[in-house]
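All values derive from a computational prediction rather than experimental measurement. These numbers come from the heavy atoms of this one structure, side chains and all, not from hydrogens, waters or symmetry mates. Labels below follow one simple rule: chain letters A, B, ... track the order of the sequence lines, proteins then strands, and each chain is numbered from 1.
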Amino acid sequence: MRRGEGIRYKRGERILKGVSLLIHRRSVVAVIGPNGSGKSTLGMVMAGLWRPHKGFVEADGEDPLGKVYVAFQDGRLLDLSVKEYLELVGEIDLLPRLGVNKVLDKKCKRLSLGRKKRVHLQAAFSSRHPYVVLDEPESGIDSLRDVKLTIEELRRRKGVLLITHEPSLMRLADKVFRLFNGKLQKYEEDSEGKDVIREGDTLSDTVYRGAVFRGFRAISGTGLP
Amino acid sequence: MMYAMEPRTHVFVRSFIISLSATLIAFSTGAPLGFLIGLKEFRLKPVIVSILNGLMGIPTVVRGLLLYLMFSRYGPLGFLGLLYTPTAIIIGEALLVFPIVSSLSLSLVERNKEVRELIQMIGLRGHQAYSMLIRELRVPLIASFFTAFSRAITELGIALIVGGNIEGYTRTITTAIALYTSMGLIDESIKLGLSLLFLIFFLSALARVLEARYYAEGRRDTV
């Protein structure tokens, strides 16, 4: 990857620089980082909603739109009843823990933020999308345990990109990356619980072998590694 | 008074029907155009947006004059025989509110990027995506309909020039007010003017309430 090339959006403002990420099915990849570091941007790009200026995004070798469910941070939902919404995105296969069964007949717009985000978690689980972006799922939801158990359920059937600030959610992930200054860094903790950050480890996870990945990924820049 | 005037209600109803038809025509073409421009990204987009905005600024008397030249007997559309008919007013008013409707729906789509993203994310395409978007934006769309209708019914230049203010045929509220005032029938003018004012206040209040409710609902729990 050449330097100076990156995923850009909004009038040349560079947010992601040479970020490459691959997420396999049945795995959870967490991305952490300070406010404004581009975590949510990465989520939007991975879902195909925001187009990178350079590079590409794909899910199982295809356009990610409609294949990646995004549980939006702001809890936005359509003006439908919860039941109608769940039917629109997939089937009704309720996780009792999320308590969505109590609000099935209510209008999505009338729900509180916490409830909306629970509906998103439920929809992420029961939708037909094989991949999921969870953008700060813990914010607004009163029970961290419910979020954790849902992520565990999601891992069994989907590929998950988890954007979070919450250390206990990070620990659920198979891999943790830190997004800093538009670059992905590998993030680990040593035996004493201190942060260890290594640069440039992410590319090894995204080496292109010419085959169609069973995963979703974004590679910025023009050349393939 | 020697002269029997056409009843106010007739003028009112005629105006209403003419402006409603014009708004419906403009809406059924302008709103889809606005949606289309709002949803697509292309190089000439800023140009088209400024043309639409520029079109809104043309004075109605100039529009009326242009249409008069088109519709007059020896004009390019003279053979249609539309001059001094309600149809001519409908066409003129539709052309007047068309850019208003398309700019309003254009900015509506752009303001509601979140809804678009949500629909795309779910994977709805084409027809399904459009109808879901219209469903989501129905309340502000209705509000913009009222705004456009208010503009059409309060317009004078076009109705006067291409309508001809013919009693019992093309006389509208605004042309009636213009005529009665110049005839010194101030009483009648004031009555018509007040009823028009009430109608406009009512419609614009309704439009604002609808919009306010729509945007307040979206924000309700996210603050």
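In this structure, the portion of A:Lys107 lying under 4.5 Å from any heavy atom of chain B is its side chain and not its backbone. The contact between B:Arg138 and chain A is made entirely by side chain atoms (from C-beta outward), counting heavy-atom distances below 4.5 Å.
Between the CD1 atom of B:Ile122 and the CG atom of A:Leu88 there is a distance of 5.0 Å, given to the nearest 0.5 Å. In this structure, CD1 on B:Ile119 lies 11.5 Å from CG on A:Leu49, to the nearest 0.5 angstrom. Here CG of A:Leu80 is found 4.5 Å from CZ of B:Arg135. Values are rounded to the nearest 0.5 Å.
Under the 4.5 Å side-chain criterion, counting only non-hydrogen atoms from C-beta, B:Gln120 is not in contact with A:Val70. For the pair B:Val115 and A:Asp79, the minimum side-chain heavy-atom distance is 4.5 Å or more. Counting heavy atoms from C-beta on, the side chains of B:Glu114 and A:Phe72 never come closer than 4.5 Å.
Remark: A:Lys102 NZ is loosely packed, at most 12 non-hydrogen atoms of other residues, nucleotides or ligands lying under 6.0 Å away. Residue B:Tyr130 places its OH atom among more than 12 non-hydrogen atoms of other residues, nucleotides or ligands, all under 6.0 Å distant. Crowding of B:Arg111 atom CZ: a count of heavy atoms from other residues, nucleotides or ligands under 6.0 Å not exceeding 12. In the displayed structure, B:Arg208 atom CZ is contacted under 6.0 Å by more than 12 heavy atoms of other residues, nucleotides or ligands. B:Phe198 CZ: 12 or fewer foreign heavy atoms inside a 6.0 Å radius.
Using modelled atom types, one side-chain atom of A:His129 and one backbone atom of B:Met121 make a donor-acceptor pair closer than 3.5 Å.
Interface summary for chain B: among A:Leu78, A:Val89, A:Leu65, the most heavy-atom pairs under 4.5 angstrom belong to A:Leu78.
Taking 4.0 Å as the cut-off between side-chain N and carboxylate O, B:Glu136 and A:Lys109 count as a salt-bridged pair.
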